[in-house]
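What follows is a short report on a single structure.
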Amino acid sequence: MPNSFLVPTKVVAGAGSIASVGKETGAFGSRALVVTGRTSARESGALDKCLTSLAAAGIEAAVFDGCDPEPPLAAVDAASETARRHRAEVVVAIGGGSAIDVAKAAAAVPPGESVVPYFRGGKPLRGPGLPLIAVPTTSGTGSEVTPNAVLSDPGTRTKASLRAGDWMFPKVAILDPELTLSCPRDVTVAAGLDALCQAIEALVSQGAGPFTDALALDAAAMIAHSLPRAVEKPSDLKARSDVHYGASMAGMAFASARLGAVHGIAHPLGARYGIPHGLACATLLPHVMRFNAENEEARSKYAVLAGRLSWAPPGALDAEASRMAVEGLLKLMHRLGFEPTLRQWNVSTSDFGAIADASLPSGSMKHNPRAMSREDVIAILESACL
Ligand SMILES: [Fe+2]
């Protein structure tokens, strides 16, 4: 299929780059809504740094701090209402992927309206919405450089990506790896594994092309190489930087290439059992890779990744090297203290049919390199329980 590539988001990267949030935001207005999580950005001092920079640039800020992980639609409506009352001209998101996704959706929905009819698919969302400046404090979703907002709908027990057009890309992403130094171990692991899955899915996606391949391959290699160090020595700024920039590069890759079956299945699975997104993805990844390795192009790309990470020796045949890619990932997860099995969340095999039915229509599933049937999804879920 033809492929396209777009990264309209300006990236400002480097240790201490949070200090530029005022200047970058000021280019879009003088009244800002700042969207963040309930505690972490406040406790780490990241929110203070952000507000100080905004104040120094003469920007009046209102803070909405009601973002939880796996954010529900109600959080978007509450943030959007705060923006309306504050007469915000620009939205600044500082936090993990949830805060950025809530901010992105709140910036996109017309003032005074609820996100619900747009999310449930009946109503087309038209831009341009409010401009968004995204400052991630975790290294995972890549939401700072994508037009997607992943939201949960408790009313229908669904989790899906709201993506209405290229106008939903953030205007600026500020990538300050110092903001991730205080990220707790469990969040570093789960977010890092999500980013790694996203890089690998973008690499083999049907929408992949040479531009996304370059980003996805480098992203996967940087994250796989440096994530253990970032977990074992959290103050290591070089390791933190590799994982932080790698996560954004993976986001740039999948924003254009799209994802695959891991994400197609992980969304309904995670929504049903409350499994942290990155861990649901990591658990499915080895099984989906073994399935996809029957596809020649995907197998060859897994082999390139294994070679790049020295997980496979030079000259190894694709079939052998792609098996080594899976083995390398399993060893990496083990080193991170994560064992990829669905048993730990007490999933019930009687749900697998419903999860398969919910996963098949997703955009991610349609971009998987090898077509997957309902029976294939169920077989993957069963193998992930072992
Ligand atoms: Fe993800």
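Just so it is clear, the values below take in all heavy atoms, side chains as well, and ignore hydrogens, waters and symmetry mates. Counting begins at 1 with the first residue of the sequence.
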Taking it one step at a time, do Thr158 and Thr156 satisfy side-chain hydrogen bond (donor to acceptor under 3.5 Å, both in side chains)? CA-CA 5 Å; Thr158 55; Thr156 57; 2.7 Å; yes
[X] [atom1] to [Y] [atom2] distance, which is reported to the nearest 0.5 Å:
X      : Y      : atom1 : atom2 : answer
Asn292 : Glu297 : CG    : CD    : 11.5 Å
Thr283 : Gln344 : OG1   : CD    : 6.0 Å
Met222 : Asp242 : CE    : CG    : 4.5 Å
Ser143 : Ile100 : OG    : CD1   : 5.0 Å
Leu330 : Glu339 : CG    : CD    : 9.0 Å
Thr9   : Ile174 : OG1   : CD1   : 12.0 Å

Looking at every non-hydrogen atom in both residues, tell me the closest pair between [X] and [Y] and how far apart they are.
X      : Y      : result
Pro268 : Gly264 : CD-O, 3.1 Å
Tyr118 : Pro124 : CE2-O, 3.4 Å
Ala219 : Gly246 : CB-O, 3.3 Å
Ala106 : Ser80  : CB-N, 3.8 Å

Is a side-chain donor-acceptor pair under 3.5 Å present for [Y] with [X]?
X      : Y      : result
His367 : Ser205 : no
Asp194 : His263 : yes
Thr146 : Lys104 : yes
Ser350 : Ser348 : yes

Could you tell me whether a side-chain N or O of [X] sits under 3.5 Å from a main-chain N or O of [Y], the two making a donor and an acceptor?
X      : Y      : result
Arg163 : Ala149 : no
Ser256 : Leu6   : yes
Ser300 : Glu296 : no
Ser182 : Ser44  : no
Gln198 : Ala247 : no
Asp236 : Ala239 : yes
Glu294 : Arg299 : no
Ser226 : Val243 : no
Ser359 : Ile265 : no
Asn368 : Ala371 : no

Could you tell me whether Tyr273 atom OH has more than 12 heavy atoms of other residues or ligands within 6.0 Å of it? yes
Between [X] and [Y], is there a side-chain N and carboxylate O pair less than 4.0 Å apart?
X      : Y      : value
Glu70  : Lys159 : yes
Glu81  : Arg84  : yes
Asp376 : Arg370 : no
Asp176 : Lys49  : no
Glu24  : Lys171 : no
Glu232 : Arg229 : no

Would a hydrophobic clustering, with Ile, Leu, Val, Met, Phe, Trp and Tyr connected at side-chain separations under 4.5 Å, put [X] with [Y]?
X      : Y      : result
Leu329 : Ile380 : yes
Ile378 : Val347 : yes
Leu336 : Leu196 : yes
Leu285 : Leu381 : yes
Leu51  : Val12  : yes

Less than 4.5 Å apart, side chain to side chain, heavy atoms only: is that true for [X] and [Y]?
X      : Y      : result
Glu382 : Cys385 : no
Phe254 : Thr212 : no
Val11  : Met252 : yes
Tyr302 : Val326 : no
Val92  : Leu33  : no
Ile18  : Val135 : yes
Asp213 : Leu203 : yes
Phe28  : Leu132 : no

Test salt bridge (Lys or Arg N to Asp or Glu O under 4.0 Å) on Arg42 and Asp48 and set out the steps. CA-CA 7 Å; Arg42 208 178 278 281; Asp48 269 351; over 6 Å; no
Chi angles and distances behind the side-chain hydrogen bond (donor to acceptor under 3.5 Å, both in side chains) call for Asp77, Ser114: CA-CA 6 Å; Asp77 285 350; Ser114 169; 2.8 Å; yes
Applying side chain to side chain donor-acceptor pair (under 3.5 Å) as the test, list every pair that has at least one member in residues 133-142; sequence neighbours left out. Ser139-His244
Verify side-chain hydrogen bond (donor to acceptor under 3.5 Å, both in side chains) between Ser98 and Asp101, making sure each step is shown before the conclusion. CA-CA 5 Å; Ser98 308; Asp101 285 348; over 6 Å; no
Could you walk me through whether Arg240 and Thr188 pass the side-chain hydrogen bond (donor to acceptor under 3.5 Å, both in side chains) check? CA-CA 9 Å; Arg240 290 287 197 177; Thr188 302; 3.2 Å; yes
Sorted by chain and number, sequence neighbours left out, salt bridge (Lys or Arg N to Asp or Glu O under 4.0 Å) with Glu60 holds for Arg31
Can you say whether the rings of Phe338 and Trp345 are parallel (under 30°), tilted (30 to 60°) or perpendicular (over 60°)? tilted
Partners of Glu178 by side chain to side chain donor-acceptor pair (under 3.5 Å), sequence neighbours excluded? none
